[in-house]
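To keep things clear, I will list the structure first and then write my remarks on it.
Quick caveat: nothing in here was measured; it's all calculated off a predicted structure.
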Amino acid sequence: MCAVAMSTKWIAAFITQKVFRLTATDRSMLYQLSNAHTAVALAVVTIGYQMGLFGVEILNGTILMILVTCTVSSMGTANAAAKLKVQILEQAQEEAEKDDSATHPRTLIAISNPRSATAIVDLALAMRFPDSSIPGDFYALHVRNDNSASSRSISRNSLDVAERAAASVEVQLSTIERYDLNFITGVLNTMQERDITEVIIGLHRRNAFIDSFLGDKIESLLQSTNRMVCITRCFNPLSTLRKMYVAIPKKAQFETGFRRWVQAVGNLGRHIGCPIEFWCEEQTMLMIATVLKKSKIGVRTDWKKVESFDDFVLRQASVTTDDLLVIISARRASVSFDSDMDSVPPFLQRYFPSHNLIMIYPGQFGTEQPMTMAETMATDIVSPPSPIYGFLINLARKLRKQ
């Protein structure tokens with residue numbers, strides 16, 4: 001009964017594929033979705049059994065058939081959905097290649113000071129494709145909300161250092177010096193004006209005991225845009241890194257920006273010349289390998305199966321200060337977001353204080369929410385601290401002394 005039920009469904013899906021000229025992935029999805037036999041089959045056999053048309057053997061066989069077909073259909077649908085996602089990504093890539101404006105990503109590099117400018121520019125150039133050095137691909141931005149001579153000098157020096165770093169590898173970098181209300185509004189307005197697809201920014205330094213790992217500015221930026229955001233903190237030069245470890249959450253392959261961050265990580269590993277070890281699920285491994293192969297990115301890869309945050313915690317001992325840890329995170333409204341991601345920033349802050357680190361938030365579909373006047377004015381405006389803030393700072397100092 002099980003063999004006949006599943007074979008007839010497959011034959012029907014095969015005929016449908018030939019008639020409507022579908023792909024093998026479409027046929028697999030059609031077959032798996034129609035393969036499960038549930039309520040209708042059980043109702044028909046139950047009525048026949050009550051009328052004396054069927055014996056108890058047919059009734060038991062039907063229950064077993066329902067169990068087998070539902071199990072096979074669930075597992076097969078999950079596998080077919082993963083292949084269908086790859087097919088959709090490939091079709092989107094082909095359509096994007098037809099449009100000259102979408103052939104290369106447009107990267108915005110946010111620079112705060114001359115000391116960190118070279119490292120961030122080197123990272124952005126390492127994540128690019130070798131043939132993407134056309135004018136207008138890369139932008140270096142410095143936002144200031146002070147019109148003093150010292151602020152203008154820091155802004156100009158930062159952009160000059162970034163421009164020289166790009167010129168050393170024969171890449172044209174467009175510099176943007178912007179006077180705006182605060183850093184967030186300056187970045188968002190530049191993204192809209194230049195049609196930016198991804199932002200690379202350095203991780204801030206904590207200047208208070210109650211300060212968060214990412215900081216208020218980066219958290220506000222993540223909430224205000226659905227484009228890809230790359231947050232970096234590298235103490236060592238890229239050329240000295242020995243190995244890359246990439247931690248990937250569940251269902252990461254269903255995000256819109258999955259292909260782009262895989263290409264960026266692959267290009268980074270190829271530029272450094274070190275192997276990449278991916279920590280992810282088995283289904284995600286197949287997707288990553290497919291993207292790297294289709295993009296013709298030749299890099300040495302290792303695969304480790306990770307299914308939960310506990311597995312990630314156990315593997316943290318293998319990362320040294322000479323390695324690069326890449327965390328693929330997700331916004332709260334995304335498909336791959338999990339409650340365990342709330343524990344990642346404090347975990348990184350505690351166990352990886354001096355490690356080379358990159359956090360990537362992939363791009364997503366969706367409408368960007370405009371910022372209100374209260375939100376735009378609350379970022380960089382200095383205000384006197386509240387009594388509660390002073391009390392917490394004094395309490396933290398006393399606890400450290402004890």
Side-chain angles (χ1 to χ4, degrees), residues 2-38 40-41 65-66 68-105 129 131 197 226 228 246 248-267 278 280-299 301 303 305 307 328 330 334-336 362-366:
C2 296
V4 171
M6 291 190 293
S7 61
T8 53
K9 290 292 185 180
W10 187 90
I11 293 174
F14 179 76
I15 296 175
T16 304
Q17 176 196 1
K18 296 301 181 181
V19 172
F20 293 97
R21 298 180 180 179
L22 304 177
T23 63
T25 304
D26 296 333
R27 180 202 63 203
S28 179
M29 178 64 72
L30 179 63
Y31 164 64
Q32 298 297 346
L33 290 175
S34 61
N35 185 31
H37 296 69
T38 52
V40 176
M65 180 190 67
I66 293 174
V68 172
T69 56
C70 289
T71 303
V72 173
S73 178
S74 300
M75 298 174 61
T77 301
N79 188 23
K83 295 180 180 179
L84 185 61
K85 180 62 177 180
V86 175
Q87 179 179 323
I88 295 175
L89 290 174
E90 292 176 354
Q91 294 176 353
Q93 180 69 14
E94 293 176 358
E95 294 177 357
E97 290 177 353
K98 297 178 182 179
D99 185 6
D100 295 336
S101 62
T103 303
H104 304 287
F129 283 97
D131 59 345
T197 59
N226 56 9
M228 172 175 153
V246 185
I248 306 166
K250 296 181 179 178
K251 303 179 182 179
Q253 65 271 22
F254 300 111
E255 296 290 349
T256 308
F258 173 76
R259 176 183 291 271
R260 173 55 195 147
W261 75 253
V262 173
Q263 293 173 344
V265 171
N267 288 327
F278 293 96
C280 56
E281 293 182 313
E282 292 183 357
Q283 295 181 355
T284 311
M285 295 178 186
L286 176 63
M287 300 292 185
I288 295 175
T290 303
V291 173
L292 293 177
K293 182 178 179 181
K294 293 292 184 180
S295 302
K296 299 180 181 180
I297 300 176
V299 65
T301 57
W303 310 93
K305 185 177 180 181
E307 296 183 350
I328 307 301
S334 62
V335 178
S336 59
Q364 294 177 308
F365 284 130

If you look at every heavy atom in Pro249 and Ile328, which pair is closest and at what distance?
CD-O, 3.0 Å
Give me the ring orientation class for Trp10 and Phe14: parallel if the planes are under 30° apart, tilted from 30 to 60°, perpendicular past 60°.
parallel
Can you list the residues that meet the side-chain contact (heavy atoms from CB on, under 4.5 Å) rule with Val335, with sequence neighbours excluded?
Lys251, Phe254, Glu255
Walk me through whether Val262 and Met287 qualify under side chain to side chain contact (heavy atoms under 4.5 Å, CB included).
CA-CA 9 Å; Val262 173; Met287 300 292 185; over 6 Å; no
With rounding to the nearest 0.5 Å, note down the distance linking CG in Leu33 to NZ in Lys9.
11.5 Å
One pair to check against side chain to side chain contact (heavy atoms under 4.5 Å, CB included): Trp261 and Ile248. What are the steps and the verdict?
CA-CA 11 Å; Trp261 75 253; Ile248 306 166; 3.6 Å; yes
Between Leu30 and Gln17, is the side chain to side chain contact (heavy atoms under 4.5 Å, CB included) condition met? List the steps.
CA-CA 9 Å; Leu30 179 63; Gln17 176 196 1; over 6 Å; no
In a check of side chain to side chain contact (heavy atoms under 4.5 Å, CB included) between Met75 and each of Val72, Asn79, Thr71, which one passes?
Thr71
Listing request: all salt bridge (Lys or Arg N to Asp or Glu O under 4.0 Å) pairs with a residue in residues 289-299, at least two apart in sequence or in separate chains.
Glu90-Lys294
Shortest non-hydrogen contact from Cys280 toward Ile288:
SG-CD1, 4.3 Å
Just by modelled atom types, is the Ala24 backbone N or O under 3.5 Å from a matching donor or acceptor in the Ser28 side chain?
no
Donor-acceptor under 3.5 Å (Thr8 side chain, Ala5 main chain)
yes
